[in-house]
Protein chains: 2
Amino acid sequence: MPVAELPITATGGCCAPATREPLSAEKAQTLARSLKAIADPARLRLVSIVAASGDGEVCVCDLTEPVGLSQPTVSHHLKVLVDAGILHREKRGTWAYFSLVPGALDSLAGMLSTV
Amino acid sequence: MPVAELPITATGGCCAPATREPLSAEKAQTLARSLKAIADPARLRLVSIVAASGDGEVCVCDLTEPVGLSQPTVSHHLKVLVDAGILHREKRGTWAYFSLVPGALDSLAGMLSTV
DNA sequence: CCACCATATCGACGTTTGTCAATGTCTGTG
DNA sequence: CACAGACATTGACAAACGTCGATATGGTGG
């Protein structure tokens, strides 16, 4: 499930109870899936490289060498990140350009700190 | 490595360059290790239950039933969370009480959103 | 001291994950 | 059209992971 579709927990609301409700099994499942997508050193570095790039767009050929992994492996990691809604893929001609989905990481971070 | 020991990235500093440096392999490795610790539905629920408890302390016997897992499995997950610096274990008599390490999840969330 | 209870550890098992080589697909070029 | 280059997909394999039953440990109460 893309990060953007994850339900936001009770924004606003003046009277949150002192003891919150624990996560349901389903919400824990979906949140864990998103976190698993980013909880990998290679994928963290890939996301980091995309985020650090000046124009916010990187093609696979620019990613293979910095992480020191084969092209199929990098492609696999990118697919995981795209499926999780963290990266966006845009194919132009022969190349595929990847960019950060705005707010995706922040959304994940927010849900993590309110678990 | 406990979350508390993870280096904080460049707090302050007025002149961060426009394009940040990508994560080093070592930092990606340690951050991934911490994220993996929390990126599991059972562990998310365990942390959630501890966080939602009124007095902030829960013993294992109170955790086994809500997550629907065997006692050894719950004990294993709790060990992972303690080793990651997310939960704190205090043994009093026969029982072991678990509590959230203050700021651990927030620290993780912060590093996640600045990757 | 012995039996009991809560918890931790061990050993085993099936599943998932990360990785690569080989191959497929599509696009631009000679 | 044939070829080359960029990327995706497939298949295979080892390593890591989640889970449980059995067992060990260590404090409590009779």
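Please read all numbers here as calculations on a predicted model, not as lab measurements.
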Could you pull out all donor-acceptor pairs under 3.5 Å where a side-chain atom in residues 68-78 of chain B meets a protein atom, sequence neighbours excluded?
unit_1: B/Ser70; atom_1: OG; unit_2: B/Thr73; atom_2: N; d: 3.4
unit_1: B/Ser70; atom_1: OG; unit_2: B/Thr73; atom_2: OG1; d: 2.9
unit_1: B/His77; atom_1: ND1; unit_2: B/Arg43; atom_2: NH1; d: 3.0

>> Once side chain to side chain donor-acceptor pair (under 3.5 Å) is applied, do any residues pair with A/Gln29, and if so which ones, sequence neighbours excluded?
In response: none
What pairs of nitrogen or oxygen atoms, one from the protein and one from nucleotides 2-5 of chain D, lie under 3.5 Å apart?
none

>> If I take atom CG in residue A/Leu81 and atom P in nucleotide D/dC7, what distance separates them, rounded to the nearest angstrom?
In response: 16 Å
> A/Arg43 near the nucleic acid: base, sugar-phosphate alone, or nothing, with a heavy-atom cut-off under 4.0 Å?
Replying inline: sugar-phosphate
> In whole angstroms, how far is the P atom of D/dA16 from the CZ atom of B/Arg33?
Replying inline: 12 Å
> Do B/Val101 and B/Ile86 touch side chain to side chain, with heavy atoms closer than 4.5 Å?
Replying inline: no
> Roughly how many Å is it from CG in A/Leu46 to P in D/dC7, rounded to a whole number?
Replying inline: 13 Å
>> If you compare all heavy atoms of B/Val50 against all heavy atoms of B/Ser99, which two are closest, and at what distance to 0.1 Å?
In response: CG1-CA, 3.8 Å
> When the distance from CG of B/Leu69 to C1' of D/dG21 is rounded to whole Å, what number comes out?
Replying inline: 14 Å
>> What's the closest nucleotide to the side chain of A/Lys36 if the choices are D/dG18, C/dT7, C/dC20?
In response: D/dG18
>> Go nucleotide by nucleotide along DNA chain C from the 5' end; which of A/Arg92 and A/His77 gets its closest nucleotide reached first?
In response: A/His77
> Any side-chain heavy-atom pair from B/Leu108 and B/Leu31 closer than 4.5 angstrom?
Replying inline: yes
> Should side-chain heavy atoms under 4.5 Å link Ile, Leu, Val, Met, Phe, Trp and Tyr, which residues sit in the same cluster as A/Trp95?
Replying inline: A/Tyr97
Set out, line by line, the N/O atom pairs under 3.5 Å between protein and nucleotides 8-10 of chain C.
unit_1: C/dA8; atom_1: OP1; unit_2: B/Arg89; atom_2: NE; d: 2.8
unit_1: C/dA8; atom_1: OP1; unit_2: B/Arg89; atom_2: NH2; d: 2.6
unit_1: C/dA8; atom_1: OP2; unit_2: B/Ser75; atom_2: OG; d: 2.6
unit_1: C/dA8; atom_1: N7; unit_2: B/Gln71; atom_2: NE2; d: 2.8
unit_1: C/dA8; atom_1: N6; unit_2: B/Gln71; atom_2: OE1; d: 3.4

>> Taking the side chain as everything from C-beta on, heavy atoms only, tell me whether A/Ile49 gets closer than 4.5 Å to A/Val67.
In response: yes
> Taking atom P of D/dG18 as reference, at what distance in whole Å does atom CD of A/Gln29 sit?
Replying inline: 12 Å
> Given atom CD of A/Glu57 and atom P of D/dC7, what is their separation to the nearest angstrom?
Replying inline: 13 Å
>> What I want to find out is whether B/Glu21 reaches B/Lys27 closely enough, with some N-O distance under 4.0 Å, to be called a salt bridge.
In response: no
>> For B/Lys91, give me all partners under salt bridge (charged side-chain N to carboxylate O under 4.0 Å, His left out), at least two apart in sequence or on another chain.
In response: none
